[in-house]
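Notes follow once the structure below has been shown.
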Amino acid sequence: MVRKSFKMKLYPGMEKEYEKRHNALWPEMKEMIHEYGGSNYSIFLDTETDILYGYIELEDAEKWDKSADTEICRKWWDYMADIMETNPDNSPVSVDLMPVFHLD
């Protein structure tokens, strides 16, 4: 199991919309996350900076990386592009965070 953490940036004032969209996460998106080995997925927001912090546990990092090529993932990126910083392909600008401590 691989523990992955990352950060993304929300546009100012989009907190409620981001939460609303994720609370109504499409069933196809949930299925894809599990199909590509993702579980125990959480996203947290720092309201002072609009920085989102994500955490997900993966079966295999290489398998997870392939999820970006799925039609449903691309559709989700397009859906979210108006409320957060994105790359030219609408993927979220995401920076991996370095693990420094873990307690089981």
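- Both Val2 and Tyr36 are assigned to one and the same hydrophobic cluster, defined by single-linkage of ILVMFWY side chains at heavy-atom distances under 4.5 Å.
- Cluster annotation: Ile56 and Leu25 are assigned to the same hydrophobic cluster (Ile/Leu/Val/Met/Phe/Trp/Tyr, side-chain heavy-atom contacts under 4.5 Å, transitive).
- Taking both residues in full, the closest heavy atoms of Met84 and Tyr18 are given as SD-CE1, 4.1 Å, listed atom of the first, atom of the second, then distance.
- Considering only residues two or more places apart in sequence or on other chains, Lys63 meets the salt bridge (charged side-chain N to carboxylate O under 4.0 Å, His left out) condition with Glu59.
- Partners of Met98 according to the side chain to side chain contact (heavy atoms under 4.5 Å, CB included) rule, which considers only residues two or more places apart in sequence or in another chain, are Val100.
- Looking at every heavy atom in both residues, Cys73 comes nearest to Ala68 through SG-CA, 3.9 Å.
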Do any side-chain atoms of residues 44-54 form donor-acceptor pairs under 3.5 angstrom with protein atoms, and if so which ones, sequence neighbours left out?
residue	atom	partner	partner atom	Å
Asp46	OD1	Glu48	N	3.0
Asp46	OD2	Thr49	OG1	3.3
Thr49	OG1	Ile51	N	3.2

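- One finds the NZ atom of Lys66 at 8.0 Å from the CG atom of Asp60 (value rounded to the nearest 0.5 Å).
- Each ring-ring contact (aromatic ring centres under 6.0 Å, His included) pair with one or both residues in residues 76-98, not counting sequence neighbours, appears once here: His22-Trp76, Trp26-Trp76, Trp26-Tyr79, Trp76-Tyr79.
- Considering only heavy atoms from C-beta on, Met1 comes within 4.5 Å of Arg3 through its side chain.
- Note that OG of Ser5 and CD of Glu57 are 11.0 Å apart. Values are rounded to the nearest 0.5 Å.
- Ile83 and Val93 fall into different hydrophobic clusters, where Ile, Leu, Val, Met, Phe, Trp and Tyr residues are linked whenever their side-chain heavy atoms come under 4.5 Å apart, directly or through other members.
- Atom CD1 of residue Ile43 and atom NZ of residue Lys7 lie 15.5 Å apart, to the nearest 0.5 angstrom.
- Listed by chain and number, the residues in a side chain to side chain contact (heavy atoms under 4.5 Å, CB included) with Glu35 amount to none (sequence neighbours excluded).
- For residues 82-97, every residue pair satisfying the side chain to side chain donor-acceptor pair (under 3.5 Å) rule, not counting sequence neighbours, is listed here: Lys4-Asp96, Arg21-Asp82, Asp78-Asn90, Asn87-Ser91, Asp89-Ser91.
- Residue Lys9 qualifies as enclosed at atom NZ: its count of foreign heavy atoms under 6.0 Å is above 12.
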